[in-house]
Amino acid sequence: MPYKLLFVCLGNICRSPAAENIMNHLIQQTEWKGRILCDSAGTSGYHIGSPPDRRMSIAAAQKLGIRLHGRARQFQASDFQDFDLILAMDRENYRDILFADPSGQYHHKVRLMCEFCSCHTLEEVPDPYYGGAEGFHQVIDLLVDACEGLLKYVISLQTFLPEQSHGV
Ligand code: 4NP
């Protein structure tokens, strides 16, 4: 079974699609491609069906040479069952995700993205939507750091490795 990651922000057009595509870019360079799957969603429905924000796409292209794929969708309760780990970009996203799980049975699957940073000390990925280009560049830097840490963490779990890799 692949290990499934869901990145969540407010609109699903800036931070979470960037996180999804950066993570896919990192996974592609490893032997784990096809075994770690990524998706993203927004806690709001403001931008359902929209492609990633052009400013985020420009920053990703300039800094990493990657294109951002995907269309915005809203987070839904079934995501708790469908994903192994849900990464919230900021505390408001984190609270909104937990609010959708009143019983608390899936709280253990929800983490803040910046927990996985090792170079940056910010605890949240700032919302760049109403700011300038430098905010989008900062988001890319933060997400590369967090995604590198997240990839190491997921690989360390080894729950999705094929049988022969367990050294039997
Ligand atoms: P995101 O950024 O949550 O990183 O996708 C935003 C996108 C849209 C809005 C706010 C933040 N908005 O208010 O429409």
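Start at 1 and go down the list; that is how both ligands and their atoms are numbered.
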Participant: Any atom of ligand 1 sitting under 4.0 Å from a heavy atom of His47?
Facilitator: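 Within the 4.0 Å threshold, so yes.
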
Participant: For atom 5 (O) of ligand 1, which candidate among Ser16, Ser50, Cys14 provides the closest heavy atom?
Facilitator: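 Among Ser16, Ser50, Cys14, the closest heavy atom to atom 5 (O) of ligand 1 belongs to Cys14.
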
Participant: In terms of atom number and element, which parts of ligand 1 are under 4.0 angstrom from non-hydrogen atoms of Cys9?
Facilitator: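 Listed by number with element: 1 (P), 3 (O), 4 (O), 5 (O).
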
Participant: Classify the contact between Leu10 and ligand 1 as side chain, backbone, both or neither, using a heavy-atom distance cut-off of under 4.0 Å.
Facilitator: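 Answer for Leu10: both.
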
Participant: Within a strict 4.5 Å, meaning less than it, do heavy atoms of the Cys14 and Asp127 side chains meet?
Facilitator: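 Result no, sub-4.5 Å side-chain heavy-atom pair not found.
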
Participant: Where is the nearest protein heavy atom to atom 11 (C) of ligand 1: which residue, which atom, and how far?
Facilitator: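 The protein heavy atom lying closest is Asp127 OD2, 3.2 Å.
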
Participant: Provide, to 0.1 Å, the distance between atom 7 (C) of ligand 1 and the closest protein heavy atom, together with that atom's residue and name.
Facilitator: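 Nearest protein contact, heavy atoms only, for atom 7 (C) of ligand 1 is Tyr129 CD1, 3.4 Å.
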
Participant: Relative to the ring of Phe80, is the ring of Phe75 parallel (under 30°), tilted (30 to 60°) or perpendicular (over 60°)?
Facilitator: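 Plane angle over 60°, so perpendicular.
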
Participant: Please report which non-hydrogen protein atom sits nearest to atom 13 (O) of ligand 1, along with the residue it belongs to and the distance in Å to one decimal place.
Facilitator: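 Result: Tyr130 OH, 3.2 Å.
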
Participant: Assess Arg55 against Tyr129: is NZ or CZ under 6.0 Å from the centre of the six-membered ring, and within 45 degrees of the ring's axis?
Facilitator: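 Yes, a cation-pi geometry.
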
Participant: N/O to N/O below 3.5 Å, does that happen between Asn12 and ligand 1?
Facilitator: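 Yes, Asn12 has an N/O under 3.5 Å of an N/O on ligand 1.
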
Participant: Once salt bridge (Lys or Arg N to Asp or Glu O under 4.0 Å) is applied, do any residues pair with Lys152, and if so which ones, sequence neighbours excluded?
Facilitator: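 Salt bridge (Lys or Arg N to Asp or Glu O under 4.0 Å) list for Lys152, sorted by chain: empty.
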
Participant: May I ask whether Leu26 and Leu150 are part of the same hydrophobic cluster, defined by side-chain heavy atoms of I, L, V, M, F, W, Y residues being less than 4.5 angstrom apart, directly or through others?
Facilitator: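 Linked within one cluster.
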
Participant: Are Leu64 and Phe136 connected, step by step, through hydrophobic side chains (Ile, Leu, Val, Met, Phe, Trp, Tyr) whose heavy atoms are closer than 4.5 Å?
Facilitator: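 Shared cluster, yes.
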
Participant: Any idea which part of Asp53 is under 4.0 Å from ligand 1, heavy-atom wise: side chain, backbone, both or neither?
Facilitator: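 Answer for Asp53: neither.
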
Participant: Hydrophobic clusters here meaning ILVMFWY residues chained together by side-chain heavy-atom distances under 4.5 Å, can you tell me if Val154 and Leu143 are in one?
Facilitator: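 In one cluster with Val154: Leu143, yes.
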
Participant: Atoms of ligand 1 less than 4.0 Å from Gly11 heavy atoms?
Facilitator: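 By the 4.0 Å cutoff, the relevant atoms are 1 (P), 3 (O), 5 (O).
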
